[in-house]
Amino acid sequence: MSWALHPLTEEQQEIQKLAREFAHAEIAPHAAAWDRDCHFEPTLVKKMGELGFLGMLLPEEHDGLGVDTSTYLIALEEIAAVDASVAVMMSVHNSLPTSMINRFGSDEQKKRFLKPMARGEILGAFALSEPDAGSDAAALSTQAVKDGESWVLNGAKSWVTNGSTAGAIIVMARTDASGSRKGARGIGAFIVTPDLPGFAVGKKEDKMGLRASPTVSLVLDNLRVPAGNLLGDPSQGFIYSMQSLDNGRLGIAAQAIGIARSALEHSTAYALERRQFGKPIKEFEAIQFKLADMAMRVAAARSLLHSAAAAKDRGQSITQFSAMAKLFASETAMWVTTQAVQIFGGYGYMKDYPVERLFRDAKVTEIYEGTSEIQRIVIARELYAQS
Ligand code: CAA
């Protein structure tokens, strides 16, 4: 099956090949064991940094590759097709903390963080959600109070991808005072490094999928953050987060497409080799119809994603398109992996075959960086915003 409806540029083909070869050589042989053992492989961060995969959207002056959004998403899909846990590490790092520092950071912050982040010396994370503020992110309650040349943060953060391995975490906290709450306009974004006094990694979650990507809670107990680590305007952290999630959701869509494509490829190969009733099961219409619908949905999700990426690079607002791309791709991943397990039959339910992991990994793409319900809210609101 051809990869895309439009031809890839020479640079895109090269990066796709590089990502595919890296994923097959360095990740594929270990992916099942890392999933089984909940093992995050720290050496991957350095290796991926050396190849440029951790600074894909950063300009060359910060040691980034400076590629366009589609090229980044092409690489991400290749990694996700082999291991969605590694892909989420790469997506969060590129789309959220590095892009936020590049877009909203001071020259000093860019100088301090971006080159090491692009090189894979510092991994990035993003901490918005809290135990009582998931979909309703503006209701977060972690408090930041200015004290001399520092901000003092108190609160807890939930479900932080890369949270236990990151060297720079963008933490959102309220900067408005308890007597004069300003809602979404009363939140700041802080660059937190794990060496700061008062920072602690809390519970490591035991998850259904993405088991090789550690997800943790963070405890901020009188965490003292130097004033120089505040990102941009102290009241705009929520807005920065929403703008960045518009881009982050493209990354999650690419991850979902990688998962779905992998399930399709495994199913196509299996249907050729598996024989029942005297012939390969691909000869049965029941299987052909499934494979056809799987292939159509993967191609449609990819086309929508890359149209959204092109719109972003043209400078258009992509709030609605990124929500559509993430929603469609994540529901595609869940649907396609469900069909894949069915095609594999009894074997599909066993951990010996890859579709079982793909099915588990697909689910969270409908949940994190905004649930499918939140994406529908964003899409519907934009319909009225445009009219
Ligand atoms: N771009 C720019 N500004 C935006 C924006 C966007 N995409 N979305 C909202 N805003 C602005 C609004 O214009 C508004 O500004 P004003 O104050 O000027 O009016 C302000 O933000 C508040 O917006 P809303 O009134 O729409 O806020 P809300 O609370 O009603 O709803 C929401 C916002 C869309 C539901 C939002 O809370 C949301 O996206 N929730 C989901 C949270 C989420 O995605 N969490 C992801 C966690 S991170 C993660 O999963 C990463 C990981 O580790 C894998």
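Ligands are counted one by one from 1 in listed order, and the atoms in each one are counted from 1 as well. When reading the values below, keep in mind they use all heavy atoms of this one structure, side chains included, and skip hydrogens, waters and symmetry mates.
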Extract all N/O-N/O pairs under 3.5 Å that connect ligand 1 to the protein, and present each with both atom names and the distance rounded to 0.1 Å.
unit_1: ligand 1; atom_1: 7 (N); unit_2: Asp246; atom_2: OD1; d: 3.2
unit_1: ligand 1; atom_1: 7 (N); unit_2: Asp246; atom_2: OD2; d: 3.1
unit_1: ligand 1; atom_1: 7 (N); unit_2: Thr319; atom_2: OG1; d: 3.4
unit_1: ligand 1; atom_1: 15 (O); unit_2: Arg185; atom_2: NH2; d: 3.2
unit_1: ligand 1; atom_1: 17 (O); unit_2: Arg185; atom_2: NE; d: 2.9
unit_1: ligand 1; atom_1: 18 (O); unit_2: Arg185; atom_2: NE; d: 3.3
unit_1: ligand 1; atom_1: 18 (O); unit_2: Arg185; atom_2: NH2; d: 2.4
unit_1: ligand 1; atom_1: 26 (O); unit_2: Arg381; atom_2: NH1; d: 2.6
unit_1: ligand 1; atom_1: 30 (O); unit_2: Arg381; atom_2: NH1; d: 3.3
unit_1: ligand 1; atom_1: 30 (O); unit_2: Arg381; atom_2: NH2; d: 3.1
unit_1: ligand 1; atom_1: 31 (O); unit_2: Arg381; atom_2: NH1; d: 3.4
unit_1: ligand 1; atom_1: 37 (O); unit_2: Ser135; atom_2: O; d: 3.3
unit_1: ligand 1; atom_1: 39 (O); unit_2: Arg249; atom_2: NH2; d: 3.0
unit_1: ligand 1; atom_1: 40 (N); unit_2: Ser135; atom_2: O; d: 2.8
unit_1: ligand 1; atom_1: 44 (O); unit_2: Arg249; atom_2: NH2; d: 2.8
unit_1: ligand 1; atom_1: 44 (O); unit_2: Gly370; atom_2: N; d: 3.0
unit_1: ligand 1; atom_1: 50 (O); unit_2: Glu369; atom_2: N; d: 2.9
unit_1: ligand 1; atom_1: 53 (O); unit_2: Thr161; atom_2: OG1; d: 2.9

Arg261 with Glu77: basic N within carboxylate O range, under 4.0 Å: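 Counted as a salt bridge, because a side-chain N and a carboxylate O are separated by less than 4.0 Å.
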
Name the residue from Thr371, Ile367, Ile377 that meets the side chain to side chain contact (heavy atoms under 4.5 Å, CB included) definition with Ser135.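 Passing option: Thr371.
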
cation_pi(Lys279, Phe284) dist<6.0 Å, angle<=45: yes

Using the six-membered ring of Trp34, assess whether NZ or CZ of Arg211 lies under 6.0 Å from its centre and within 45 degrees of the ring axis.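 Cation-pi check for Arg211 and Trp34: fails.
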
Can any side-chain N or O of Gln109 pair as donor or acceptor with the backbone N or O of Ser106 at less than 3.5 Å? yes

Any side chain to side chain donor-acceptor pair (under 3.5 Å) involving residues 81-104? Give me the pairs, sequence neighbours left out, ordered by first then second residue. Tyr72-Ser95

